[in-house]
Protein chains: 2
Amino acid sequence: MDQPSPKLDSRPLYAQVRELLLARIQMGDWGPGAALPNEFDLAREMGVSQGTVRKALDGLTQDHILVRRQGRGTFVVEQTPANELFRFFNLYDNKSGAQILPDSRDARVTSGKARALEFARLQLEKGAQVVRIERLRTHDGLPFIAETIVLPDLLFPGLAAMKYVPNTLYDLFQKSYGVMVARTDERLEAVGATKRDANALNIAEGAPLLRVDRVTYSIDGRPVEWRLSLCHLDGAHYRAPPG
Amino acid sequence: MDQPSPKLDSRPLYAQVRELLLARIQMGDWGPGAALPNEFDLAREMGVSQGTVRKALDGLTQDHILVRRQGRGTFVVEQTPANELFRFFNLYDNKSGAQILPDSRDARVTSGKARALEFARLQLEKGAQVVRIERLRTHDGLPFIAETIVLPDLLFPGLAAMKYVPNTLYDLFQKSYGVMVARTDERLEAVGATKRDANALNIAEGAPLLRVDRVTYSIDGRPVEWRLSLCHLDGAHYRAPPG
DNA sequence: CAGTGGTCTAGACCACGTG
DNA sequence: ACGTGGTCTAGACCACTGC
């Protein structure tokens with residue numbers, strides 16, 4: 001009679017609280033930038049102590065899902081171009097050390113059935129529909145990155161018909177599609193420019209390029225984007241985030 | 001009369017406890033792998049509550065300075081080739097996804113006055129003495145990385161005279177020199193192989209290489225190593241740690 | 001079994017931001 | 001002045017480890 005749930009959940013209470021909160025965020029109970037109830041109200045509502053709620057909130061904060069501000073409250077992280085740059089863009093100027101945010105130019109949006117590498121990276125059914133964005137990114141007016149972005153059509157309906165692609169995408173994902181980005185998995189290699197790359201970036205064929213192969217995952221763990229960037233790092237470098 | 005210290009420290013108690021513990025670790029009170037006293041003893045000894053000690057210990061655990069094992073105790077992290085690989089070696093096989101630990105071959109150890117880039121990276125006085133290690137690293141018997149390591153002579157006396165350089169260095173730093181590695185700062189670029197690189201790695205001149213420029217810092221924040229790796233990633237990739 | 005870290009609670013007080 | 005998160009305490013009980 002005392003068992004609150006048919007399935008005995010042996011995980012720590014704070015982990016269960018965390019999951020409950022995460023589910024409510026995904027369901028849109030609290031939108032981007034919204035304030036959550038304070039710790040005591042959440043604790044009372046869930047029948048646990050305030051310290052347990054705090055531990056759950058701290059965990060979600062560490063995973064960049066919430067932000068806490070002393071004296072103000074706890075808020076759902078709002079994706080903006082600024083913090084998107086800060087978290088997901090690891091290119092820096094060699095001299096100044098400043099982070100680089102390239103411009104976007106000549107974006108081409110197409111769609112079609114997922115090819116082998118695409119459905120592997122995005123964990124899709126074979127032949128699922130995807131949207132592809134190809135664009136050139138510039139820095140100080142010079143060609144900098146040739147970028148290909150692949151998205152599952154199911155998650156982003158109507159995106160294929162967009163006329164203009166914004167420079168930063170994750171704020172669009174969150175606000176227009178309710179997809180909240182949590183983490184990325186980046187794999188780097190050095191490659192020589194193919195004839196096609198050389199043309200796009202206005203460099204010599206065979207010139208060394210940094211190839212960044214990135215899969216982005218949402219807070220529920222599903223892959224939501226595959227991005228291939230060929231970077232002509234002239235006076236810039238990629239800085240690995242601290243482990 | 002009630003003020004325990006002449007200088008009023010306004011930081012949180014747990015931060016002060018953390019600093020005290022860190023100082024004792026650096027002084028060698030507890031060596032690599034040694035167990036700390038339990039939480040209650042530490043709390044009594046420092047005149048704070050057990051929860052406060054716990055918060056300090058948790059912080060040091062997150063920074064990989066301590067490890068906690070339920071039922072056993074809290075221990076100073078012991079650097080071993082295995083966990084050194086796990087934390088600081090970000091090269092993976094494309095097919096298997098397994099982490100790669102290359103061999104070390106033909107190490108040449110020299111010493112001399114620090115050059116411009118060296119004392120900049122290691123924050124040394126102009127003209128300070130450094131030890132340089134140059135070696136070729138192989139994977140599956142094939143040339144893989146041409147590596148140059150530069151160390152401040154002051155921190156590692158006698159290292160310049162070593163006949164054999166072990167494959168992994170950080171365990172040596174900790175056990176023989178009391179230098180505990182805390183974090184790295186890695187900058188990546190794609191470059192074309194120079195004639196010299198091509199020779200060392202047995203590849204064509206101009207072939208694309210991943211250049212990893214890494215500075216390693218000890219737990220007291222001082223730079224202790226500068227490492228330049230030119231990687232011929234044949235069927236492998238660099239995987240960025242999660243931000 | 002004894003000893004350790006891990007979880008959970010309840011309550012007090014502090015520091016910060018806003019009105 | 002008020003409400004928020006941040007710190008700190010004291011104590012109970014659980015889960016794991018090793019003897």
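Residue numbers start from 1 in every chain, and the chains themselves are labelled A, B, ... in the order their sequence lines are given, proteins ahead of strands.
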Peer 1: Would you kindly compare A:V48 and B:L57 by the position of their nearest DNA chain C nucleotide and give the one closer to the 5′ end?
Peer 2: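 Residue closer to the 5' terminus by nearest nucleotide: B:L57.
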Peer 1: Are any of B:R68's side-chain N or O atoms less than 4.0 Å away from OP1 or OP2 of C:dG6?
Peer 2: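 For C:dG6, OP1 or OP2 has a side-chain N or O of B:R68 closer than 4.0 Å.
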Peer 1: From the set D:dC8, C:dG5, C:dT7, return the single nucleotide nearest to any side-chain atom of B:T74.
Peer 2: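 Among D:dC8, C:dG5, C:dT7, the one nearest the side chain of B:T74 is C:dG5.
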Peer 1: Is there a side-chain polar atom (N or O) of B:T52 under 4.0 Å from OP1 or OP2 of D:dT9?
Peer 2: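 For D:dT9, OP1/OP2 do have a side-chain N/O of B:T52 under 4.0 Å.
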Peer 1: Give the rounded distance in Å between these two atoms: CZ of B:F75 and P of C:dG5.
Peer 2: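 Distance check: B:F75 CZ to C:dG5 P gives 8 Å.
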Peer 1: What is the separation between atom CG on B:L66 and atom P on C:dG6, rounded to the nearest whole Å?
Peer 2: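 That distance rounds to 11 Å.
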Peer 1: Ignoring backbone atoms, establish whether B:Y14 has a side-chain N or O less than 4.0 Å from OP1 or OP2 of D:dC8.
Peer 2: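 So the side chain of B:Y14 is outside the cut-off, no N or O lying under 4.0 Å from OP1 or OP2 of D:dC8.
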Peer 1: I'd like to know if the side chain of A:Q99 and the backbone of A:F89 have a donor-acceptor N/O pair within less than 3.5 Å.
Peer 2: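 Judged by distance alone, yes, a pair lies under 3.5 Å.
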Peer 1: Output yes when at least one side-chain N/O atom of A:N38 is less than 4.0 Å from OP1 or OP2 of D:dT4, else no.
Peer 2: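 For D:dT4, OP1 or OP2 has a side-chain N or O of A:N38 closer than 4.0 Å.
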Peer 1: Once you round it to whole Å, what is the distance between P of C:dT4 and CZ of B:R44?
Peer 2: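 One finds 11 Å between P of C:dT4 and CZ of B:R44, rounded.
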Peer 1: Nearest to the side chain of B:S49, heavy atoms from C-beta on, is which of D:dG5, D:dA15, D:dT9?
Peer 2: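 Comparing D:dG5, D:dA15, D:dT9 against the side chain of B:S49, the answer is D:dT9.
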Peer 1: Give the rounded distance in Å between these two atoms: CZ of B:R11 and C1' of C:dA15.
Peer 2: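 After rounding, the reported distance stands at 17 Å.
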Peer 1: What's the closest nucleotide to the B:R72 side chain, out of D:dC8, D:dT17, C:dC8?
Peer 2: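 Selected nucleotide: D:dT17.
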Peer 1: Do NZ/NE/NH1/NH2 and the carboxylate oxygens of B:D58 and B:R68 come within less than 4.0 Å?
Peer 2: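 Looking at B:R68 together with B:D58, the answer is yes, because their closest N to O distance falls below 4.0 Å.
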Peer 1: Main chain of B:F40, side chain of B:N38: is a donor-acceptor contact present, judged purely on distance under 3.5 Å?
Peer 2: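 Side chain of B:N38 to backbone of B:F40, a donor-acceptor pair under 3.5 Å: yes, one is there.
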Peer 1: Rounded off to whole Å, could you give me the CG-to-C1' distance for the B:D58 and C:dG5 pair?
Peer 2: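 After rounding, the gap between these two atoms is 10 Å.
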Peer 1: Assess whether a salt bridge exists between A:D63 and A:R183, defined as any Lys/Arg side-chain N lying under 4.0 Å from an Asp/Glu carboxylate O.
Peer 2: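 No.
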Peer 1: Using a cut-off of less than 4.0 Å, is there contact between a side-chain N or O of B:K55 and OP1 or OP2 of D:dT7?
Peer 2: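 B:K55 to D:dT7 OP1/OP2: side-chain N or O found under 4.0 Å.
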Peer 1: Send over the distance from B:Q16 CD to D:dT7 C1', rounded to a whole Å.
Peer 2: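 In whole Å, D:dT7 C1' lies 12 Å from B:Q16 CD.
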Peer 1: Taking atom C1' of D:dG5 as reference, at what distance in whole Å does atom CG of A:D41 sit?
Peer 2: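 A:D41 atom CG is separated from D:dG5 atom C1' by 13 Å.
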Peer 1: So, under a plain 3.5 Å distance rule, would you say the side chain of A:R54 forms a donor-acceptor pair with the base of D:dG6?
Peer 2: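 Yes.
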Peer 1: Whole angstroms only, please: what is the CD-C1' distance between A:E39 and D:dT7?
Peer 2: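 Those two atoms, CD and C1', are 12 Å apart.
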Peer 1: Using heavy-atom distances to pick each residue's nearest nucleotide on DNA chain C, tell me which of A:L13 and B:F40 is more 5'.
Peer 2: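 The residue whose closest nucleotide sits nearer the 5' end is B:F40.
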Peer 1: Between the side chains of A:R214 and A:T184, is a donor N or O closer than 3.5 angstrom to an acceptor N or O?
Peer 2: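 No pair is found: no donor N or O on one side chain lies under 3.5 Å from an acceptor on the other.
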